[in-house]
Amino acid sequence: SACPCLCTEEGPLCAQPECPRLHPRCIHVDTSQCCPQCKERKNYCEFRGKTYQTLEEFVVSPCERCRCEANGEVLCTVSACPQTECVDPVYEPDQCCPICKNGPNCFAETAVIPAGREVKTDECTICHCTYEEGTWRIERQAMCTRHECRQM
């Protein structure tokens, strides 16, 4: 035994001391001493079939960023998208959040009308999409007013 022993009449009496626990990421253990010692720790993470170095940051998708932590765990964060200023946002490839290609707009019944302008939806109805510039606040439904109109 590598641990200290005492020679007694009954034979050697070896005291096994309280050894410190090995690091969970230990990949090479030296057992030649009384207490086993870690000679090499794993310094990488495995995530979805790929290997990353400790503290390396990597992008998994347009919305997801990850980091290989010192303890071998992979921590990921997902981007939170701001509320869109339109009712018809589109997802573009390689972009995380949807974008408003047609600018700020809202619904006037079933039609989509631009924000900040009055739009005549039929002979008797004028709709207005309220929008506060720079605040990202938009009403989803337009304010519509019906007027007296003569039917021809």
Side-chain angles (χ1 to χ4, degrees), residues 1-3 16-152:
S1 168
C3 293
Q16 178 68 44
E18 188 91 11
C19 291
R21 285 184 24 193
L22 288 172
H23 192 277
R25 292 172 51 79
C26 189
I27 54 174
H28 183 111
V29 182
D30 175 14
T31 54
S32 66
Q33 311 291 312
C34 177
C35 284
Q37 289 182 320
C38 185
K39 288 292 173 203
E40 187 185 350
R41 289 183 190 175
K42 186 171 124 182
N43 64 344
Y44 59 90
C45 300
E46 290 168 59
F47 187 73
R48 294 184 189 167
K50 290 186 180 171
T51 302
Y52 301 95
Q53 293 304 305
T54 300
L55 304 182
E56 182 182 347
E57 293 188 4
F58 52 99
V59 176
V60 183
S61 72
C63 294
E64 207 175 0
R65 299 184 68 83
C66 301
R67 180 175 135 135
C68 172
E69 297 295 326
N71 65 357
E73 299 283 313
V74 172
L75 280 184
C76 297
T77 54
V78 178
S79 303
C81 295
Q83 187 184 350
T84 58
E85 55 179 10
C86 62
V87 291
D88 58 353
V90 217
Y91 281 93
E92 289 285 305
D94 303 326
Q95 280 200 349
C96 177
C97 298
I99 56 167
C100 293
K101 281 192 157 177
N102 303 319
N105 56 33
C106 66
F107 286 117
E109 281 144 36
T110 54
V112 174
I113 64 167
R117 290 213 310 263
E118 286 194 346
V119 176
K120 206 170 181 183
T121 54
D122 63 34
E123 286 304 308
C124 310
T125 313
I126 292 177
C127 293
H128 183 260
C129 191
T130 55
Y131 169 64
E132 291 176 43
E133 188 78 48
T135 63
W136 294 87
R137 254 195 65 227
I138 193 161
E139 291 295 325
R140 295 280 182 222
Q141 288 293 330
M143 299 278 289
C144 296
T145 48
R146 291 186 69 77
H147 299 285
E148 288 286 320
C149 54
R150 288 186 296 255
Q151 299 296 332
M152 294 289 169

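Residue numbers count from 1 along this sequence. The basis for the numbers below is simple: all heavy atoms, side chains too, and nothing from hydrogens, waters or symmetry mates.
- Between the CD atom of E69 and the CG atom of L55 there is a distance of 7.0 Å, given to the nearest 0.5 Å.
- A distance below 2.5 Å between sulfur gamma atoms is not met by C96 and C81.
- In this structure, the side chain of R140 engages the main chain of C86 through a donor-acceptor pair within 3.5 Å.
- Here C38 contributes atom SG and I27 contributes atom CD1; the two are 8.0 Å apart, rounded to the nearest 0.5 Å.
- The closest side-chain heavy-atom distance from R41 to T54 is not below 4.5 Å.
- Put simply, CD on Q33 and SG on C19 are 10.5 Å apart, with the number rounded to the nearest 0.5 Å.
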Please list, one pair per line, the donor and acceptor atoms closer than 3.5 Å that link side chains of residues 106-124 to other protein atoms, with sequence neighbours excluded.
from, atom 1, to, atom 2, distance (Å)
D122, OD1, C124, N, 2.8
D122, OD1, T125, N, 2.8
D122, OD1, T125, OG1, 3.0
D122, OD2, T125, OG1, 3.4

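- Residue H23 holds its NE2 atom at 11.0 Å from NZ of K42, rounded to the nearest 0.5 Å.
- Between C100 atom SG and E85 atom CD the span is 5.5 Å, to the nearest 0.5 Å.
- Within a 6.0 Å sphere centred on CZ of R65, heavy atoms belonging to other residues, nucleotides or ligands number 12 at most.
- Between S32 and D30, the shortest heavy-atom distance links the atoms OG-OD1, 2.8 Å.
- To the nearest 0.5 Å, atoms OG1 (T31) and CD (Q37) are separated by 10.5 Å.
- Contact detail for R25 and Y44: the closest heavy-atom pair is NH2-O, 3.1 Å.
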Next item on the list: Mind running disulfide (SG to SG under 2.5 Å) on C97 and C63 for me, showing each step along the way?
Entry: CA-CA 8 Å; C97 298; C63 294; 5.8 Å; no
Below 3.5 Å, can you tabulate the donor-acceptor pairs from side chains in residues 45-53 to any protein atom, sequence neighbours excluded?
none

